[in-house]
Amino acid sequence: MVDRLRTRRLSLAVAYVISVMLLAGCSGIAPERDPYTLNVHMGAEPGTLNPITATDSYAHAINLKIYETLVDRDYDTLEVKPMLAERWDMSPDHLKFRFYLKKGIIWSDGVEFTADDVVYSYDRIMDPKVSSAQLKVYYIDIKSCKKINKYAVEFTYSRPYYLALIFCGGMPIVPKHVFSNGTDFNTHRNNRFPVGTGPYKFERWDTGKNIILVRNERYRGAKPEIRRVVYKIISEGSVALQMLKKGEIDLMGVRDIEWVRQTNSKKFTDNFYKLKYYLPSFSYIGWNEQRPFFKDRRVRLAMTHLINRKEILDKLLFGLGEIVTGPFYIFGKANDPGIQPWPYDPERARQLLKEAGWIDRDGDGILDRDGKKFSFTFTISSGSKFAERLVSILKEDFARAGIEMDINRYEWAVYLDKIQSRNFDATSLGWSDPDFQDDPYQIWHSSQIRGGSNYIGFSNKEADRIIEAARTEFNEAKRNRMYHRFHRILHDEQPYTFMYTSPALAVVSRRFTNVKVHTRGMNYLEWKVRKPQ
């Protein structure tokens, strides 16, 4: 969730055969066969396309092409650069940020973009009635967002924040004239019919099938060569892979087994690029500390000792990934490389469980304490093959230690609701941050247990102090020392069993050229359509 609930990697995928490319110039050609159409696999359907209330990466990926922000970050250097704002001023005390908007920017419905849209969007983010808890935490230190004139807006902070420019400049912006019609913001019609200023505009959403964008001919900048983007919603990855091989999908993220075993033939590599790269992301198993089983740190640590992460990595992910020990990008400076993963150690796990009072008192093979069996439910998304295989391994390993585990499976939307409402014992998910921002407030501060993204109920006073202090520390070296200590606290407390950072495994049709991997990943706005031979 951007809230970046992200085990979801953007789905990518395949090439059209030359005959299709040649025929595509004929009149009456179906849009998905048009050579200037990009067909993208999407593993699940987003809940909304409102960038202020959206919490999953599927919506985030689509919204990046429709909506824009005041500033952007370079795809390679991550340097902040203008987008909707032509320039900005920052006060010496880091408390005031004034943005001067570009003039003549038009929303896709023809209305001009102004400072009113910026102020309106900020007000909606901070409105307690709006479901934007995943965003509110990044703006809690802003005292005001005010219109200076039609083309200037100023944010005033109550205290310095080292990511202030990135967050106030990167704030999602929606059109005031569309949303301020008295309709409830959370359920507004245009949550499914977005109006943006970006290079693409929304055309159609066929529920359960696809979401279609077309090139925004009003766009002020260089227009992408790809004129139409069709996000095909296909929950079954193997089906999507077959469609990719038939030329019905052009861009797709593949699973590890598919990368190793199903995409290496000469025919395949002649027709597709295979791209492997790391982005800041990690997968985890989260233990809900509001549940009696996982309140005790010794139990959480025991669960980690019962999980053979190296074997799971090799068996399920074909060794494609790195075991992580904390929430920061494994190749970034905030991550402490000196912290080593807890080992697979069932004997130590049994000792910790015994110390916590979990003993098989009645001889039935299941640990118990105070008359209660150690029997919990692991909740997963029904569309995740990795989660299915993972829980089957965990169930057996936990059973050998005297722990009974049931499994609940839900389709994506219901699953997200379960997680966000804290209605689970344990789950497996992931987070990713394509913009390389290290602020852990949203996920780990105790204030985010209610309404934020601290779904497992982690609360630690020292961790809270570090998170708060780091936000006002502009010296990177000092801030990273704080984060190293925070990393150590999480390692000791084990609110998550931190699993892996895995590479993005993308497959792209060779119908396109200029396909590059940047620091922030891929950007199909720069792709070109290969001319038929």
Side-chain angles (χ1 to χ4, degrees), residues 2 4 49-52 54 57 59-90 96-122 124-125 135 138-139 142 145-155 161 163-179 194-202 213 215-224 226 229 433-437 516 518-527:
V2 192
R4 291 141 155 97
L49 289 180
N50 183 325
I52 289 176
S57 63
H60 182 65
I62 296 173
N63 284 334
L64 280 176
K65 310 306 180 188
I66 300 173
Y67 289 101
E68 294 180 301
T69 52
L70 296 176
V71 304
D72 194 13
R73 301 184 81 180
D74 185 271
Y75 259 75
D76 287 311
T77 67
L78 302 184
E79 180 182 356
V80 179
K81 62 181 185 178
M83 196 172 215
L84 293 174
E86 63 181 9
R87 62 187 176 90
W88 55 88
D89 295 329
M90 178 175 64
K96 288 185 182 293
F97 296 80
R98 181 172 293 190
F99 295 89
Y100 301 90
L101 311 184
K102 295 176 181 176
K103 297 177 182 178
I105 294 178
I106 303 299
W107 292 100
S108 59
D109 62 359
V111 176
E112 187 181 17
F113 163 74
T114 70
D116 290 327
D117 298 308
V118 181
V119 175
Y120 174 80
S121 298
Y122 169 77
R124 297 290 69 73
I125 290 173
L135 288 176
Y138 297 110
Y139 303 98
I142 293 178
C145 171
K146 66 179 181 179
K147 173 184 175 181
I148 303 302
N149 58 48
K150 187 177 181 180
Y151 301 110
V153 63
E154 184 174 270
F155 293 84
Y161 178 32
L163 290 173
L165 174 60
I166 291 173
F167 277 109
C168 60
M171 183 184 77
I173 301 171
V174 297
K176 179 180 179 180
H177 70 276
V178 170
F179 284 93
V195 174
T197 61
Y200 289 93
K201 65 179 183 178
F202 175 84
L213 310 184
R215 191 168 69 183
N216 180 5
E217 300 302 332
R218 298 180 187 270
Y219 188 59
R220 66 198 176 279
K223 294 177 179 60
I226 295 169
V229 183
D433 191 344
D435 294 323
F436 292 51
Q437 294 150 359
K516 304 173 184 176
H518 302 277
T519 305
R520 288 177 59 191
M522 291 187 295
N523 179 15
Y524 62 69
L525 296 180
E526 65 189 12
W527 294 3

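These numbers come from the heavy atoms of this one structure, side chains and all, not from hydrogens, waters or symmetry mates.
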Exercise for the section: Apply salt bridge (charged side-chain N to carboxylate O under 4.0 Å, His left out) to Lys96 and list each qualifying residue two or more places apart in sequence or on a separate chain. Expected result: Glu154

Handout entry: salt bridge (charged side-chain N to carboxylate O under 4.0 Å, His left out) involving Lys150 - partner list, sequence neighbours excluded
Key = Glu112

Which atom pairs, donor and acceptor, lie under 3.5 Å between side-chain atoms of residues 77-85 and protein residues at least two apart or in another chain?
| residue | atom | partner | partner atom | Å |
| --- | --- | --- | --- | --- |
| Thr77 | OG1 | Asp74 | OD1 | 3.3 |
| Thr77 | OG1 | Glu79 | N | 3.2 |

Exercise for the section: Inspect the contact between Asp76 and Lys516 and indicate whether a charged nitrogen and a carboxylate oxygen are less than 4.0 angstrom apart. Expected result: no

Exercise for the section: State plainly whether the residues Lys102 and Glu68 are in salt-bridge range, i.e. N to O under 4.0 Å. Expected result: no

Taking the side chain from [X] and the backbone from [Y], do they hold a donor-acceptor pair closer than 3.5 Å?
X: Tyr139; Y: Phe167; result: yes
X: Asn63; Y: His60; result: no
X: Arg520; Y: Arg73; result: yes

Practice task
Assign the ring pair Trp107 / Phe113 to parallel, tilted or perpendicular, where the plane angle (0 to 90°) is split at 30° and 60°.
Solution key: perpendicular

Exercise for the section: Over 60° means perpendicular and under 30° means parallel, so classify the ring planes of Trp88 and Phe99, tilted if in between. Expected result: tilted

Going by heavy atoms in the side chains, are [X] and [Y] under 4.5 Å from each other?
X: Ile52; Y: Tyr67; answer: no
X: Ile148; Y: Arg98; answer: yes
X: Pro175; Y: Val111; answer: no

Within this structure, what is the [atom1]-[atom2] distance for the pair [X] and [Y], rounded to the nearest 0.5 Å?
X: Glu86; Y: Leu101; atom1: CD; atom2: CG; answer: 8.0 Å
X: Tyr138; Y: Ile125; atom1: OH; atom2: CD1; answer: 12.5 Å
X: Asn216; Y: Phe202; atom1: CG; atom2: CZ; answer: 14.0 Å
X: Ile166; Y: Tyr161; atom1: CD1; atom2: OH; answer: 8.5 Å

Exercise for the section: Go through the steps for Tyr524 and Lys65 under the test side-chain contact (heavy atoms from CB on, under 4.5 Å), then give the verdict. Expected result: CA-CA 10 Å; Tyr524 62 69; Lys65 310 306 180 188; 3.2 Å; yes

Exercise for the section: Apply side-chain contact (heavy atoms from CB on, under 4.5 Å) to the pair Tyr120 and Val174, showing each step before the final yes or no. Expected result: CA-CA 8 Å; Tyr120 174 80; Val174 297; 4.1 Å; yes

